[in-house]
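Remarks on the structure that follows.
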Amino acid sequence: MECLTEAERRLRDHAREVAQEAAAQAAETDRSEQYPWAMVRRMAEAGFMGLTIPKAMGGPGLSYFDAVLVIEEFSKACAVCGRIAVEANMGAVGAIMAYGSEAQKRIAAGLVLAGDKPAILITEPEAGSAATDMRTRAVKRGHEWVIDGDKTWITGGGVSRLHLVFARVIEDGEEKGIGGFIVARTGEGMPDGMTAERIPSMGLRGMPEANIALRGVVVKDDMVLRPPGGWARGFGRLMDAYNGQRVGAGTVALGLAAGAYGHALERAQCRRQFGRPIAEFQGLAWMLADMSIELEASRALIWRAARSAGPNGFPDRLAAAQAKVMAADMAIRVTNNALQVWGAAGYSRENPMERYVRDARMFAIAGGTAQVLRTQVAEQILGRKLPQTRDGFVRIAAD
Ligand SMILES: CC(C)(COP(=O)(O)OP(=O)(O)OC[C@H]1O[C@@H](n2cnc3c(N)ncnc32)[C@H](O)[C@@H]1OP(=O)(O)O)[C@@H](O)C(=O)NCCC(=O)NCCSC(=O)CCS(=O)O
Ligand SMILES: Cc1cc2nc3c(=O)[nH]c(=O)nc-3n(C[C@H](O)[C@H](O)[C@H](O)COP(=O)(O)OP(=O)(O)OC[C@H]3O[C@@H](n4cnc5c(N)ncnc54)[C@H](O)[C@@H]3O)c2cc1C
């Protein structure tokens, strides 16, 4: 029941083949907590970085659905590589390809096709779920902008070259809305005014997460990303693009859960207790059955969301949120049960099950928590805003 075209199947099989190399280095990447540079070079050579970059910009111009097929294969093998494939095809690069000037698109395409995984800087210490409370400011000064603020939990902070910084736009002394600012690293160090401090994390340890301080970062006017509709609608249009990354993050959750399930299925058939394979015990057989059902359901929602890319070229907001919530919650259950199938051996750091469990935990937090995304789903199906501030409904009533 795959319903893939011949080209899609070929792409998926190619990714599956290269992902075997990612599998071989996944344990060492986790142990060393080092970004897998060699594997990223391999992914770039094989054409998996910048799949969604249009042909006019030197990319293959593939779809979000094609990217999803690739991300799932890498995530089964090494979830860090899966996340790299997400940010090299969605999120910041998607926003720049949709809204950027020719020059901006060329810069982004050049970096990503050469192997860069861009970073998206939204979250702040006091503005996580409430991202619109961000305090980072970009103040217009002549033909340039000066950015000051603090971002946190920035994936790839310190290794990414291309940064898309979300900031409050201050023009003529007035606040206009939230916009995107492109900051690219040209030399070895961080861009002037930007510093990264690594945050030790539970899973996906080969991917640096960082606090990023922005102190007087200067961005030329031609590196400002101007989504259609003006600054007042800037955040919403940037989030349109971000829906692509939500689908990508859900795909990593799906892929790593599928990887853990594959190991559990094998183990259940070769491990024997009471003189027979443990798969014969109904308690485990039903656990495996539930895992397969949840995986197929998640894949169906992810594929539907990836294929939903509307006229703006991005996946549908409701479909993306539904798919991400389902995949994130599912991955926690499936990886945990897969470890259970392995018994004590699953608890050992000498096999990948405990890594899958740690790696799965982030997807119900990052990219919109499972709670916040449920509210987004509710808003879409009810067709009404559900304000989260205490005075939100009072304000709506007053309008
Ligand atoms: C959107 C929230 C921050 C809630 O904040 P507000 O209640 O202040 O905002 P809203 O009024 O709901 O929205 C403002 C504006 O944006 C539009 N919008 C919001 N979400 C979307 C969306 N998904 N798609 C399209 N448009 C969207 C909304 O319609 C309004 O537009 P107008 O002004 O009316 O035009 C909060 O709900 C939220 O999403 N919080 C989560 C923040 C988040 O996802 N952060 C991700 C950081 S990056 C990351 O984690 C990377 C991890 S990885 O990829 O693994
Ligand atoms: C591994 C990882 C990678 C990340 N990468 C990036 C990145 O590259 N770029 C970036 O900008 N950010 C990134 N983030 C940050 C991520 O987007 C935020 O962690 C997320 O949006 C939640 O914010 P918070 O952690 O501050 O939690 P909070 O917003 O403080 O939430 C704490 C708890 O309260 C709940 N909660 C909050 N508000 C509500 C509400 N209205 N209704 C119900 N429950 C609510 C949440 O669900 C959560 O359980 C990353 C985070 C992680 C863990």
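Numbering of ligands and ligand atoms starts at 1, following listing order. The analysis underlying the following values was restricted to heavy atoms, covering all of them including side chains, and did not include hydrogens, waters or symmetry mates. Bear in mind that the values here come from a model prediction, so they are computed numbers and not experimental data.
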### Message
For the backbone of L265 and the side chain of Q269, can you confirm whether one donor and one acceptor N or O come within less than 3.5 Å of each other?
### Response
yes
### Query
Do the side chain of R215 and the main chain of G149 share a donor and acceptor less than 3.5 angstrom apart?
yes
### Task
Starting from atom 49 (C) of ligand 1, locate the nearest protein heavy atom and write down its residue, its atom name and how far away it is, to 0.1 Å.
Y242 OH, 3.0 Å
### Of K324, M239, Q322, R246, the residue whose pairing with Q376 passes side-chain contact (heavy atoms from CB on, under 4.5 Å)
R246
### Query
R135 and E124: salt bridge (charged side-chain N to carboxylate O under 4.0 Å, His left out), yes or no, with the steps?
CA-CA 8 Å; R135 293 180 193 161; E124 299 184 358; 5.8 Å; no
#### Entry: Sub-3.5 Å N/O-N/O distance, E379 and ligand 1
no
### Query
What protein heavy atom is closest to atom 12 (N) of ligand 2, reported as residue, atom name and distance in Å?
T123 OG1, 2.6 Å
### Summary
Of M90, K385, M207, R317, the residue with the heavy atom nearest atom 28 (C) of ligand 1 is R317
### Task
For ligand 1, note which part of R83 has a heavy atom under 4.0 Å away: side chain, backbone, both or neither.
side chain
#### Entry: Where ligand 2 meets I122 - atom numbers and elements under 4.0 angstrom, heavy-atom basis
10 (C), 11 (O)
### Any protein heavy atom < 4.0 Å from atom 18 (N) of ligand 1
yes
### Task
Report the nearest protein non-hydrogen atom to atom 5 (O) of ligand 1: residue, atom name, distance rounded to 0.1 Å.
T132 OG1, 3.4 Å
### Query
Closest heavy-atom contact between M353 and A260?
CE-O, 3.6 Å
### Query
Counting heavy atoms only, which of A366, G91, S160, A131 is nearest atom 52 (C) of ligand 2?
A366
#### Entry: Selection from V165, V372, I365 by shortest heavy-atom distance to atom 39 (C) of ligand 2
V372
#### Entry: Between T155 and E209: side-chain donor-acceptor atoms closer than 3.5 Å
yes
### Region of E209 that comes within reach of ligand 2 [heavy atoms, distance under 4.0 Å]
side chain
#### Entry: Any N or O of R233 closer than 3.5 Å to N or O of ligand 1
yes
### Task
Give a yes or no on whether atom 30 (O) of ligand 2 lies under 4.0 Å from any heavy atom of the protein.
no
### Query
So which residues get pulled into M326's cluster when ILVMFWY side chains under 4.5 Å apart are joined, directly or through others?
L301
### Message
Students should be able to answer this: which protein heavy-atom is nearest to atom 31 (O) of ligand 1, and at what distance?
### Response
G236 CA, 4.2 Å
### Query
Is A131 in polar range of ligand 1, meaning some N or O pair under 3.5 Å apart?
no
## Note on the structure
Under 4.0 Å from one or more heavy atoms of R83, ligand 2 contributes atoms 3 (C)
### Contacting atoms of ligand 2, where contact means under 4.0 angstrom from a heavy atom of G367
17 (O)
### Shortest heavy-atom approach to atom 8 (O) of ligand 2 - which of T152, L386, T155
T155
### Task
Answer whether the closest heavy-atom distance between the side chains of L113 and I53 falls below 4.5 Å.
yes
### Message
If the cut-off is 4.0 Å to any non-hydrogen atom of Q388, which atoms of ligand 2 fall inside it?
### Response
40 (C), 41 (N), 42 (N)
### Message
So, 4.0 Å and heavy atoms of V372: is ligand 1 close enough to count as a contact?
### Response
yes
### Query
Relative to the heavy atoms of Q245, which atoms of ligand 1 are at a distance of less than 4.0 Å?
51 (C), 53 (S), 54 (O)
#### Entry: Those atoms of ligand 1 less than 4.0 Å from some heavy atom in G367
44 (O), 46 (C), 49 (C), 50 (O), 52 (C)
### Summary
shortest atom 39 (O) of ligand 1-to-protein heavy-atom contact is with Q376 NE2, 3.0 Å
### Task
With heavy atoms only and a cut-off of under 4.0 Å, state how I122 meets ligand 1: side chain, backbone, both or neither.
side chain
### Exercise: do N351 and W342 side chains pair donor with acceptor under 3.5 Å
no
### Task
Just need the protein heavy atom nearest to atom 14 (C) of ligand 1, so name the residue and atom and give the distance.
F235 CD2, 3.9 Å
### Task
Quick one: look up the protein heavy atom nearest atom 45 (N) of ligand 1 and list residue, atom name and how far away it is.
G368 N, 4.3 Å
## Note on the structure
among protein heavy atoms, the one nearest atom 44 (O) of ligand 1 is R246 NH2, 2.7 Å
## Note on the structure
Min over F363, W153, F166 of heavy-atom distance to atom 50 (C) of ligand 2 lands on W153
### Query
Any chance the rings of H263 and Y356 have centres within less than 6.0 Å?
yes
### Query
Would you say Y35 and I84 make side-chain contact, with heavy atoms under 4.5 Å?
yes
## Note on the structure
Residue, atom and distance of the protein heavy atom nearest atom 24 (P) of ligand 2 read G128 CA, 4.0 Å
### Query
Hey, does the side chain of Q104 reach the backbone of V224 with a donor-acceptor pair shorter than 3.5 angstrom?
yes
### Side-chain (R185) to main-chain (V159) donor-acceptor, under 3.5 angstrom
yes
### Task
Start with the C-alpha distance between E72 and K76, add both sets of side-chain angles, then the distance that settles salt bridge (charged side-chain N to carboxylate O under 4.0 Å, His left out), and finish with yes or no.
CA-CA 6 Å; E72 181 180 343; K76 283 180 191 162; 3.8 Å; yes
### Query
Heavy atoms of the protein only: does one fall short of 4.0 Å from atom 43 (C) of ligand 2?
yes
### Task
Look at the aromatic rings of F48 and F74 and report parallel, tilted or perpendicular, splitting at 30° and 60°.
perpendicular
### Message
I'd like to know whether R10 forms a salt bridge (charged side-chain N to carboxylate O under 4.0 Å, His left out) with D13, so could you lay out the CA-CA distance, the side-chain angles of the two residues, the decisive distance to 0.1 Å, and finally the verdict.
### Response
CA-CA 5 Å; R10 267 202 311 276; D13 292 350; over 6 Å; no
### Message
Can you confirm whether some protein heavy atom lies under 4.0 Å from atom 2 (C) of ligand 2, or whether none does?
### Response
yes
### Query
What is the closest protein heavy atom to atom 9 (N) of ligand 2, and at what distance does it sit?
I120 O, 2.8 Å
#### Entry: Distance from atom 40 (N) of ligand 1 to nearest protein heavy atom, with residue and atom
S129 O, 2.9 Å
### Query
Under 4.0 Å from atom 34 (O) of ligand 2, is there any protein heavy atom?
no
### Query
Would you say T369 has any N or O atom under 3.5 Å from an N or O of ligand 2, going by distance alone?
yes
### Residue and atom name of the nearest protein heavy atom (relative to atom 38 (N) of ligand 2), distance in Å to one decimal
S129 CB, 3.8 Å
### Query
Does the side chain of S348 pick up a donor-acceptor pair with the side chain of E354 at under 3.5 Å?
no
### Query
Side chain, backbone, both or neither: which part of T389 comes within less than 4.0 Å of ligand 1 when only heavy atoms are counted?
neither
## Note on the structure
The closest protein heavy-atom partner of atom 49 (O) of ligand 2 is Q371 OE1, 3.5 Å
### Query
Above 12 or not: heavy atoms from other molecules or residues under 6.0 Å from CZ of R137?
no
#### Entry: T123 and ligand 1 - part of the residue with a heavy-atom distance under 4.0 Å
side chain
